[in-house]
**Q** 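The structure under discussion is supplied below as structure tokens; questions concerning it will follow.
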There are 2 protein chains.
Amino acid sequence: MFSKACEYGIKATIFIAQKSLHKTRVSLKEIAAEINSPEAFTAKILQSLARNGLVDSHKGPTGGFEMNRAKMDTIKLYDIVNAIDGDNIFVGCGLGLKHCDANKPCPVHDKFVGIRENLTQMLKNTTMYELASGLDIGLTQLKR
Amino acid sequence: MFSKACEYGIKATIFIAQKSLHKTRVSLKEIAAEINSPEAFTAKILQSLARNGLVDSHKGPTGGFEMNRAKMDTIKLYDIVNAIDGDNIFVGCGLGLKHCDANKPCPVHDKFVGIRENLTQMLKNTTMYELASGLDIGLTQLKR
DNA sequence: ATTAAATAGGATAAATTTGTCCGAAATAAG
DNA sequence: CTTATTTCGGACAAATTTATCCTATTTAAT
């Protein structure tokens, strides 16, 4: 459903947010170890998220990644997915047609409308804070 | 959501089924032209679907692909997707974890359960006949 | 039998995604 | 100021997906 890059990006962001709940900055190394992802590849994804303002990064010793509480409430899962995989999953045709809509639908158009809407709304309604909290209290996991 | 191969496979199968409604066999060339797909690549996909018994193929002059009415009613969109892309989209973890379930859920597990179930049920409930009919009466399209 | 038309299948190539390497830039601390 | 630590960013490499090419096999028709 999501690209590998997006999976890593989501997991990394949730972990960063969880640590930020405790005012702790995390390094790339810690992140990659925690979410079990290739370090250099994860770095690329985090750079992109940082450039897009979805996480904050700091260079130098004691540097690393963090996310303030305001962002945790503002930024939705949707924003992470959209930043990494783009909006094709939200708006594109299920069969890859360029011009597919209610007027000129592909054979699966109507079948997909509802599911896509559910997915989009779910992602748009899910805050990073919510995901970080669940992880923080041990309700959810990022490994295995 | 689906791989390119899967998109081509779905479109090709629907077209084959539609033509079979009129007892007409279609060649690879016609299929690729109709669904706007690379011919040789489409051939690979159709070979695989034929090996799996999802479409019937015939060699030689007047040969081509077809699907009898019984299969149209039996075979679901689910079967096509499963044959080409496998079952990861139906059963795999949204974040790619190997061991993610209700007991040890990833942060998005609960959020995805419903959506995934909707998708699976929809694909399992959609027959090739239904899709072929919609195309046949001009309600849907495979191009553009 | 011969021919032509069609799918089957192996080998290969191109494109994209995933992953690695290394030097540059920033910055905290002594 | 120097050093060590960390992210940044470009170039490169590997793996996977997508796409092509060519020959073999099957089969209908003459």
Side-chain angles (χ1 to χ4, degrees), chain A residues 1-13 15-16 19 24-33 35-67 81 83-86 88-89 92 95-96, chain B residues 1-13 15-16 19-20 24-67 81 83-86 88-89 92 95-96:
Chain A
M1 174 156 278
F2 302 133
S3 69
K4 229 72 177 98
C6 195
E7 289 181 4
Y8 295 151
I10 292 171
K11 288 192 263 194
T13 309
F15 181 57
I16 292 167
K19 287 302 187 182
T24 306
R25 223 176 246 174
V26 279
S27 70
L28 167 64
K29 205 171 300 242
E30 293 174 278
I31 295 169
I35 71 176
N36 195 30
S37 67
E39 203 173 304
F41 188 45
T42 307
K44 297 293 184 202
I45 299 159
L46 286 172
Q47 280 165 35
S48 155
L49 292 176
R51 266 194 304 269
N52 281 278
L54 297 175
V55 300
D56 291 318
S57 70
H58 296 271
K59 291 181 176 179
T62 79
F65 297 88
E66 63 185 24
M67 175 183 285
V81 173
I84 300 174
D85 279 350
N88 193 60
I89 193 174
L95 296 185
Chain B
M1 175 157 276
F2 302 132
S3 69
K4 227 74 176 94
C6 195
E7 289 180 5
Y8 296 150
I10 293 170
K11 287 191 265 194
T13 309
F15 181 57
I16 292 166
K19 287 302 186 183
S20 288
T24 306
R25 224 176 245 175
V26 278
S27 72
L28 167 64
K29 205 172 298 240
E30 293 174 276
I31 295 169
E34 175 69 20
I35 71 176
N36 196 28
S37 66
E39 202 173 305
F41 188 47
T42 307
K44 298 292 183 202
I45 299 159
L46 287 172
Q47 279 166 36
S48 154
L49 291 177
R51 267 194 304 268
N52 281 278
L54 297 174
V55 299
D56 291 317
S57 71
H58 295 271
K59 290 182 176 178
T62 78
F65 298 88
E66 62 185 23
M67 175 182 285
V81 173
I84 301 174
D85 279 351
N88 194 59
I89 193 175
L95 296 184

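So that the names make sense, note that chain A is the first sequence line, chain B the second, and so on, each numbered from 1. Both backbone and side-chain heavy atoms feed into the values below; hydrogens, waters and symmetry mates do not.
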**Q** Under 3.5 Å, which donor-acceptor pairs do the side chains of residues 45-63 of chain A form with other protein atoms, sequence neighbours left out?
**A**
unit_1	atom_1	unit_2	atom_2	d
A:Asn52	ND2	A:Ser48	O	2.7
A:Asp56	OD1	A:Lys71	NZ	3.2
A:His58	NE2	A:Glu66	OE2	3.3

**Q** Please encode protein proximity along nucleotides 23-30 of chain C as a string of B, S and -, counting only heavy-atom distances under 4.0 Å.
**A** ---BBB--
**Q** To the nearest 0.5 Å, tell me how far B:Lys19 NZ sits from B:Glu30 CD.
**A**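 Answer rounded to 0.5 Å: 7.0 Å.
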**Q** Just how far, in rounded Å, is C1' of C:dT18 from CD1 of A:Ile45?
**A**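 Nearest whole value for this atom pair: 9 Å.
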**Q** Between B:Ile16 and B:Phe65, which heavy-atom pair has the shortest distance, and what is it?
**A**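 Nearest pair, atom of B:Ile16 first, then B:Phe65: CD1-CB, 3.6 Å.
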**Q** Rounded to whole Å, please give me the gap between CG in A:Asp56 and C1' in D:dT7.
**A**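 Going from CG in A:Asp56 over to C1' in D:dT7 covers 13 Å.
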**Q** Could you tell me how far apart A:Leu28 (CG) and C:dC21 (C1') are, to the nearest whole angstrom?
**A**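 Roughly 14 Å, once rounded to whole Å.
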**Q** Side chain of B:Ala50 only, please: which of C:dA8, C:dT7, D:dG9 is the nearest?
**A**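 So the nucleotide nearest the side chain must be C:dA8.
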**Q** For the helix from C:dA1-D:dT30 to C:dG30-D:dC1, figure out the bend between the end axes, five pairs an end, and round to 10 degrees.
**A** 0°
**Q** To the nearest Å, how far apart are A:Ile84 CD1 and C:dT18 P?
**A** 11 Å
**Q** Would you name the heavy atoms of B:Ala32 and B:Glu39 that are closest together and state the gap between them?
**A** CB-CA, 3.9 Å
**Q** How many whole angstroms separate atom CD1 of A:Ile16 from atom C1' of D:dT7?
**A** 12 Å
**Q** When you measure from the side-chain N and O atoms of B:Ser57 to the phosphate of C:dA6, is any distance below 4.0 Å, counting only OP1 and OP2?
**A** no
**Q** What's the CD-P distance between B:Gln47 and D:dT26, to the nearest Å?
**A** 14 Å
**Q** Quick one: closest heavy-atom pair of A:Asp85 and A:Ser3, and the distance?
**A** OD1-OG, 2.6 Å
**Q** Only pairs under 3.5 Å count here: list side-chain donor-acceptor contacts from residues 4-11 of chain A, not counting sequence neighbours, and write none if there are none.
**A**
unit_1	atom_1	unit_2	atom_2	d
A:Lys4	NZ	A:Glu7	OE1	3.3
A:Lys11	NZ	B:Leu95	O	3.0

**Q** Can you name the ring pair (Phe, Tyr, Trp, His ring centres under 6.0 Å) partners of A:Phe15, sequence neighbours left out?
**A** none
**Q** Calculate the interatomic distance between A:Phe65 atom CZ and D:dT5 atom P; express it in whole Å.
**A** 18 Å
**Q** Using atom CG of A:Leu46 as one end and atom C1' of D:dT6 as the other, report the distance to the nearest whole Å.
**A**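 These atoms are roughly 13 Å apart.
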**Q** Reckon A:Arg51 has a side-chain N or O less than 4.0 Å from the OP1 or OP2 of D:dC8?
**A**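 Negative; the distance criterion is not met.
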**Q** Along nucleotides 12-20 of chain D, 5' to 3', which nucleotides get a B, which get an S, and which get a -, given that the test is a protein heavy-atom distance under 4.0 Å?
**A** ------SBB
